Amino acid sequence: MARKSLIIGNWKMNLTHLEAIAVTQRLWYRLNPADFDRADVVIAPPFTCLRTIQTLIMADRMPFGLGAQHVHWEREGAFTGEVSAGMLAKLDVGYVIVGHSERRAMFGETDELARKRVRAVLSAGMTPVVCVGETLSERESGETEMVVTTQLRGALRRLTAEQRASVVVAYEPVWAIGTGRHALPDDAGGVCELLRNTVLAMGGPEAGEAVRILYGGSVNPGNIAAFIAKTHIDGALVGGASLDPDTFAAVVRYWM
Ligand code: PGA
């Protein structure tokens with residue numbers, strides 16, 4: 001079964017909703033229908049831009065997917081500052097990033113909280129993008145495989161095989177995020193194969209075959225093709241290079 005490429009732009013805490021309109025429109029002008037045949041292209045802006053971009057892509061029939069960067073696991077209630085999966089689904093959000101290393105490092109995200117978020121996202125009919133990755137010191141002490149499989153197993157606990165097949169996994173070595181220092185494609189391909197085998201062991205061969213696995217960490221127009229050429233890498237989670245429409249369009253059109 002062929003897995004369609006998936007390229008997600010994670011804008012992080014950048015761009016107002018007005019700036020987001022301009023960036024989305026410029027990205028749209030630079031792409032053509034064949035690009036969307038080859039890859040699913042998703043924009044994950046801050047919460048404050050979601051309604052604006054939803055309206056824009058609906059009005060102009062832009063085939064972008066919409067992503068959110070965070071979610072709370074409860075359906076509603078006294079959780080000041082939080083947003084529920086149901087609220088995101090109502091805005092046509094299709095993907096939600098879970099367990100990003102910035103949230104793990106700065107906001108107390110754990111594997112157990114990631115698991116709760118994964119369940120909430122799936123229950124609302126959206127796709128979780130489960131991020132895993134080792135720090136530099138974990139890598140230097142030879143713990144990469146243990147760290148990423150523990151994170152993934154933690155996030156996918158107590159799900160059905162079908163649910164496990166429907167998630168997206170993003171391998172993002174922490175030392176490669178926002179540093180301009182990307183992983184070697186061979187190394188990243190090897191870790192992504194390990195992650196696929198982990199899903200396979202938890203959810204069976206169909207889940208292992210179906211799950212889309214992305215690489216993230218200083219992806220740019222010059223290195224994306226080498227990552228996607230790897231059998232077990234199905235796309236990319238792109239931070240800095242997704243903020244400029246010219247650069248992000250060049251990432252999306254990686255085969256040209
Ligand atoms: P980067 O970020 O592309 O700026 O390294 C990737 C990410 O954090 O998802």
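All residue numbers in this chain count up from 1 along the given sequence. Keep in mind that what you see is a predicted model, and the values were worked out from it rather than measured. Counting convention: from 1, in listed order, for ligands and their atoms alike.
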Using a plain distance cutoff, I'd like to know if [X] has any nitrogen or oxygen under 3.5 Å from a nitrogen or oxygen of ligand 1.
| X | result |
| --- | --- |
| G178 | yes |
| G216 | no |
| G240 | yes |
| H100 | yes |

(request) State whether the number of non-hydrogen atoms from other residues, nucleotides or ligands found under 6.0 Å of R119 atom CZ is greater than 12. (result)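 Not more than 12 within 6.0 Å, no.
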
(request) Would you check if the side chain of Q151 reaches a backbone N or O of V148 as a donor-acceptor pair within less than 3.5 Å? (result) no

(message) Check whether R51 reaches the backbone of L91 with its side chain - one donor and one acceptor, N or O, closer than 3.5 Å.
(response) no

(request) Report the residues that fulfil ring pair (Phe, Tyr, Trp, His ring centres under 6.0 Å) with F47, sequence neighbours left out, ordered by chain and then residue number. (result) none

(message) Taking the six-membered ring of Y29 as reference, does the cationic atom of R26 (NZ for Lys, CZ for Arg) lie under 6.0 Å from its centre and within 45° of its axis?
(response) no

(request) Please work out whether any backbone atom (N, CA, C, O) or any side-chain heavy atom from C-beta onward of N10 is under 4.0 Å from ligand 1, and answer side chain, backbone, both or neither. (result) side chain

Short list, please: which atoms of ligand 1 are under 4.0 Å from a heavy atom of [X]?
| X | value |
| --- | --- |
| E172 | 6 (C), 7 (C), 8 (O), 9 (O) |
| A176 | 5 (O) |
| G217 | 5 (O) |

(message) Name the residue from L15, L50, N10 that meets the side-chain contact (heavy atoms from CB on, under 4.5 Å) definition with P45.
(response)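 That would be L50; it is the only one of L15, L50, N10 passing the side-chain contact (heavy atoms from CB on, under 4.5 Å) with P45.
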
(request) Note the single closest protein heavy atom to atom 2 (O) of ligand 1, along with its residue, its atom name and the distance in Å. (result) K12 NZ, 3.3 Å

(request) Around atom 3 (O) of ligand 1, find the nearest protein heavy atom and jot down its residue, atom name and distance. (result)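 Minimum-distance protein heavy atom for atom 3 (O) of ligand 1 reads G239 N, 2.8 Å.
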
(message) Walk me through whether E134 and W175 qualify under side-chain hydrogen bond (donor to acceptor under 3.5 Å, both in side chains).
(response) CA-CA 8 Å; E134 81 287 1; W175 49 271; 2.9 Å; yes

